[in-house]
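Let me begin by presenting the structure, written as structure tokens, before commenting on it.
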Amino acid sequence: VEMGSKLKLLNPFGLSSAPPTTSLPMIERAFEMGWAFAVTKTFTLDKDLPTNVTPRIYSINETQHTFANIELISEKTAKYWCEGSKALKAKYPNHVLIASIMASTQLRDWEELIRLCTSEGHF
């Protein structure tokens with residue numbers, strides 16, 4: 001599957017930034033099972049690491065039986081994702097790994113995170 005001239009996927013099946021992409025071993029298992037791409041859980045600079053609350057999934061209301069998930073950002077560091085992406089891409093060079101990133105409103109934070117992803121990571 002080709003998307004434009006730059007992005008080529010083994011197939012149209014992939015995982016979005018969600019609980020199934022919480023860790024590199026989970027993404028690796030998805031690649032082993034045939035998924036073509038994965039978007040990491042959203043990560044940020046170490047200074048902005050979140051403190052997740054519990055419960056992370058809660059009922060919106062009792063009559064509709066709907067739930068919300070408030071686990072939005074990875075508790076893992078940018079270093080974890082960048083270093084791990086190298087090993088994952090070495091093992092699965094034809095799979096696509098996309099970094100989901102978030103930074104503060106400061107341009108320098110975005111630039112640092114992008115630098116980490118492009119120079120130290122394999123996204």
- Query: If every non-hydrogen atom of L9 is compared with every non-hydrogen atom of M3, which pair is closest and at what distance?
  - Reply: CD1-SD, 3.8 Å
- Inter- and intrachain pairs under ring-ring contact (aromatic ring centres under 6.0 Å, His included), touching residues 8-30, at least two apart: none
- Item | Pair E112-R115, salt bridge (Lys or Arg N to Asp or Glu O under 4.0 Å): steps then yes or no | CA-CA 5 Å; E112 173 65 11; R115 185 197 64 73; 3.0 Å; yes
- Message: Take a 6.0 Å sphere around NZ of K86 and say whether it holds more than 12 heavy atoms from other residues, nucleotides or ligands.
- Response: yes
- Stepwise side chain to side chain contact (heavy atoms under 4.5 Å, CB included) check, I27 with L15: CA-CA 8 Å; I27 294 172; L15 296 173; 5.9 Å; no
- Query: Do side-chain atoms of T40 reach the backbone of A99 as a donor and acceptor pair under 3.5 angstrom?
  - Reply: no
- Counting N and O atoms only, with roles assigned by atom type, does the side chain of T77 sit under 3.5 Å from a partner on the main chain of D46, one being a donor and the other an acceptor? no
- Heavy-atom pair of closest approach, residues L24 and Y80: N-OH, 2.9 Å
- Does a side-chain heavy-atom distance below 4.5 Å link K47 with D109? yes
- Nearest 0.5 Å, what's the CE-NZ distance between M102 and K41? 11.0 Å
- Message: Please tell me whether I98 and V1 are part of a single hydrophobic cluster in this structure, the criterion being side-chain heavy atoms less than 4.5 Å apart.
- Response: yes
- Query: Would I101 and C117 count as a side chain to side chain contact (heavy atoms under 4.5 Å, CB included) if you check the C-alpha gap in whole Å, the side-chain angles of each, and the deciding distance to 0.1 Å?
  - Reply: CA-CA 9 Å; I101 58 173; C117 289; 3.8 Å; yes
- Note on the structure: In this structure, OG1 of T22 is separated from NZ of K76 (nearest 0.5 Å) by 6.5 Å
- Item | pair L45-L116: side-chain heavy atoms closer than 4.5 Å | yes
- Sequence neighbours excluded, the answer for ring-ring contact (aromatic ring centres under 6.0 Å, His included) partners of F37 is none
- Message: Once rounded to the nearest 0.5 Å, what's the spacing between atom CG of N94 and atom NZ of K8?
- Response: 11.0 Å
- D48 and I73, any side-chain heavy atoms less than 4.5 Å apart: no
- Note on the structure: Heavy-atom closest pair (T44 atom, A103 atom, distance to 0.1 Å) is OG1-CA, 4.1 Å
- If only atom types and distance count, is the side chain of S74 paired as donor or acceptor with the main-chain N or O of F43 below 3.5 Å? no
- Heavy atoms, side chains only, cut-off 4.5 Å: are L97 and H122 in contact? no
- Note on the structure: By ring-ring contact (aromatic ring centres under 6.0 Å, His included), H95 pairs with (sequence neighbours left out) F31, Y92
- Query: Rounded to the nearest 0.5 Å, how far does OG1 of T21 lie from CE of M26?
  - Reply: 7.5 Å
- Donor-acceptor under 3.5 Å (N11 side chain, G34 main chain): yes
- Task: Verify, without hydrogens or angle tests, whether S16 (side chain) and A18 (backbone) share a donor-acceptor contact under 3.5 angstrom.
- Result: no
